[in-house]
Amino acid sequence: MADSNRVSLRSVRESVWGETPASPAMTALRITGESLKYQLRTARSNEIRPDRMVADIPQVGASVSGDIGMELSYGSADDFLMAALFADDWQAVDISGDDIAADASGGRFTSGLTDFLAEGITPGQWVRVTGFATAGNNGFFRVIAVETDEIAVSPAPAANEAAGATIGIDAATIRNGVTPHSFTLERGLTDVGEYFAYRGCLLTGARLTIQAGQIATASFGVIGRDAAVAGASIAASVTESPASAVLNATRNVASIREGGAELAGPNFARSLSLNLANNLREQMAVGSFGAAGIGLGQFQATGQIETYFGSRALYQKFLDGTDSALSVRLADSAGNALILDLPRLRFTDADVMASGPNEDVMARLSFEAIRHPTEGFAAAFHRFAA
């Protein structure tokens with residue numbers, strides 16, 4: 001009998017939708033559970049028989065669906081985060097030079113030789129700066145504007161500091177887009193030697209949850225074309241996911257910024273959730289047993305933030321329909337970091353209530369991200385290796 005503690009789940013990106021690469025080099029996923037299912041659709045014959053029996057129940061279609069659960073850790077879900085955003089591949093920035101200065105009054109970093117535009121820095125990107133003597137000039141900064149010889153950032157550098165030391169600026173970024181990424185996924189029941197391969201799998205979306213006193217989690221929805229079962233793995237080779245530490249909402253949430261400022265007392269956050277939805281649809285066709293294609297719907301990024309109620313500041317933004325923004329930085333003890341960034345959002349629902357005695361009054365605000373008019377995206381992730 002198969003035991004869930006012996007289950008493996010592996011993935012490989014497809015070059016052609018629904019076609020597993022030859023000799024697939026698969027990645028072993030770190031999961032908490034999965035519900036992948038190959039659904040066969042049948043139709044009951046309406047033929048009338050004098051013996052009152054059903055003449056046939058043919059199979060008329062098939063599809064793949066389900067969810068994959070994970071605990072968030074650095075690097076373990078990079079491909080799935082990219083696929084959930086329909087983003088291009090991670091865009092990396094890696095600058096090192098002794099010509100970069102900090103301008104606190106101008107809220108910017110400047111250069112004498114480095115061409116920030118040519119290096120690929122773009123508005124809306126989070127970057128990590130290292131090497132300055134002043135501690136407040138190092139750390140994580142959100143890029144507001146870019147020119148050849150300067151980048152305006154938020155927060156501003158802490159102090160003016162002349163060029164001379166070797167300064168590093170790095171980042172890797174993905175933003176919501178229109179590039180589909182499909183996978184072949186393989187569930188292995190390793191103790192009984194049975195393997196289920198699911199082909200043409202795209203991500204319907206993702207749900208990220210950060211809650212006080214809990215491990216940060218992610219769940220990815222899947223829709224696919226077809227499946228097969230065999231007595232041996234299809235993998236030609238298997239690479240393990242990075243073994244970085246699991247992230248939690250107590251020690252690993254380094255920053256939560258709302259509206260460009262740190263979210264702090266009295267409105268401390270107790271939980272935060274984000275839902276990414278791609279509104280995918282199966283495209284069925286005559287002569288095709290599985291889906292002939294998968295249609296791409298509108299991208300939506302919605303969520304909820306729950307805070308202790310200490311002032312009406314957030315609730316007032318809901319009442320006024322004011323634009324806001326949200327970013328969350330998670331960092332493990334080794335120094336790896338992941339930033340979720342929503343540059344423009346609206347609060348769409350809110351409640352503040354006393355639900356019973358001996359309880360804190362909480363504010364629960366639902367939000368939806370919308371396209372930033374100048375940065376051109378609604379949701380992004382940024383990663384930084386230790």
Side-chain angles (χ1 to χ4, degrees), residues 9 11 27-35 67-85 87 90 126 128 139-140 142 171-176 203-222 240-258 262-264 267-277 301-308 325-343 345 362-367 369 378-386:
L9 188 64
S11 71
T27 299
L29 304 176
R30 297 170 60 178
I31 65 169
T32 57
E34 52 85 18
S35 60
D67 293 282
I68 299 171
M70 297 182 180
E71 294 174 335
L72 277 179
S73 58
Y74 180 82
S76 62
D78 285 357
D79 276 357
F80 277 22
L81 292 174
M82 179 178 65
L85 289 179
W90 292 84
W126 280 87
R128 177 175 56 186
F140 295 89
R142 192 172 194 277
T173 301
I174 51 173
R175 298 172 172 177
N176 66 283
L203 296 192
T204 61
R207 177 177 175 83
L208 278 64
T209 303
I210 302 169
Q211 184 170 341
Q214 303 289 329
I215 290 173
T217 61
S219 176
F220 299 94
V222 172
E240 296 296 324
S241 288
S244 47
V246 169
L247 298 165
N248 68 73
T250 303
R251 292 185 177 274
N252 301 133
V253 178
S255 171
I256 301 178
R257 290 169 63 87
E258 183 277 325
E262 289 291 335
L263 184 64
N267 297 325
F268 291 106
R270 188 166 73 175
S271 67
L272 171 69
S273 64
L274 173 67
N275 299 292
L276 305 177
T302 62
Q304 184 181 83
I305 185 167
E306 180 186 47
T307 72
Y308 294 92
L326 183 67
S327 65
V328 181
R329 185 171 86 248
L330 301 168
D332 63 25
S333 58
N336 301 301
L338 178 69
I339 295 178
L340 155 68
D341 188 41
L342 307 175
L345 60 80
M362 306 301 297
R364 298 175 182 87
L365 297 101
S366 299
F367 59 80
F381 290 99
H382 313 265
R383 69 182 184 194
F384 304 87

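Scanning for side-chain hydrogen bond (donor to acceptor under 3.5 Å, both in side chains) contacts around Arg207 gives Asn275, with sequence neighbours left out. Scanning for side-chain hydrogen bond (donor to acceptor under 3.5 Å, both in side chains) contacts around Asp79 gives an empty result, with sequence neighbours left out. Listed by chain and number, the residues in a side-chain hydrogen bond (donor to acceptor under 3.5 Å, both in side chains) with Arg251 amount to none (sequence neighbours excluded).
Looking only at distances, a side-chain donor or acceptor of Arg128 sits under 3.5 Å from a matching main-chain atom of Ala385. The closest donor-acceptor contact from the side chain of Thr32 to the backbone of Gly69 lies under 3.5 Å. Remark: side-chain polar atoms of Asn252 are paired, donor with acceptor, to backbone N or O of Ala331 under 3.5 angstrom.
Taking all atoms of both residues into account, the shortest heavy-atom contact from Leu342 to Ala379 is CD2-CB, 3.6 Å. Of all non-hydrogen atoms in Glu240 and Ala28, the two that sit nearest each other are OE1-CB, 3.7 Å. Residues Ala378 and Pro343 come closest through the heavy atom pair O-CD, 3.4 Å. Shortest non-hydrogen contact noted between Ser76 and Ser241 is O-OG, 4.2 Å. In terms of heavy-atom proximity, Ala334 sits nearest to Ala386 at O-CB, 3.1 Å. The two residues Thr250 and Asn248 have their closest heavy-atom pair at N-OD1, 2.8 Å.
Note that CG of Asp78 and CH2 of Trp90 are 5.0 Å apart. Values are rounded to the nearest 0.5 Å. Note that CG of Leu272 and CG of Leu340 are 7.0 Å apart. Values are rounded to the nearest 0.5 Å. The OG1 atom of Thr217 sits 8.0 Å away from the CD atom of Glu71 when rounded to the nearest 0.5 Å. The distance from the OG1 atom of Thr307 to the CZ atom of Phe268 is 11.0 Å, given to the nearest 0.5 Å. One distance of note links CG of Leu326 with CG of Leu274; it measures 8.5 Å at 0.5 Å rounding. We find the CG-CE distance between Leu208 and Met70 to be 11.0 Å, quoted to the nearest 0.5 Å.
You'll find the side chain of Trp126 reaches within 4.5 Å of the side chain of Ser327, heavy atoms only. Between Leu29 and Phe220 the shortest side-chain heavy-atom distance does not fall below 4.5 Å. With a 4.5 Å cut-off on side-chain heavy atoms, Phe140 and His382 do not count as touching. Val246 is not listed as a side-chain neighbour of Leu72, based on a closest heavy-atom distance of 4.5 Å or more. At a threshold of 4.5 Å between non-hydrogen side-chain atoms, the residues Ser366 and Thr302 do not count as touching. Proximity of Leu276 to Asn176: side-chain heavy atoms (C-beta onward) are nowhere separated by under 4.5 Å. With a 4.5 Å cut-off on side-chain heavy atoms, Ile305 and Leu263 count as touching. In this structure, the side chains of Asn336 and Leu330 stay at 4.5 Å or more apart for every pair of heavy atoms.
Figure legend: Arg383 and Tyr74 shown without cation-pi pairing, the cationic atom not lying both under 6.0 angstrom from the six-membered ring centre and within 45 degrees of its axis.
The side-chain hydrogen bond (donor to acceptor under 3.5 Å, both in side chains) with Ser271 is formed by just one residue from the set Gln304, Arg364, Glu306, Gln211; it is Glu306.
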side-chain contact (heavy atoms from CB on, under 4.5 Å) evaluation trace for Val222 with Leu203: CA-CA 5 Å; Val222 172; Leu203 296 192; 3.9 Å; yes
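Side-chain polar atoms of Arg30 and Ser73 form a donor-acceptor pair below 3.5 angstrom.
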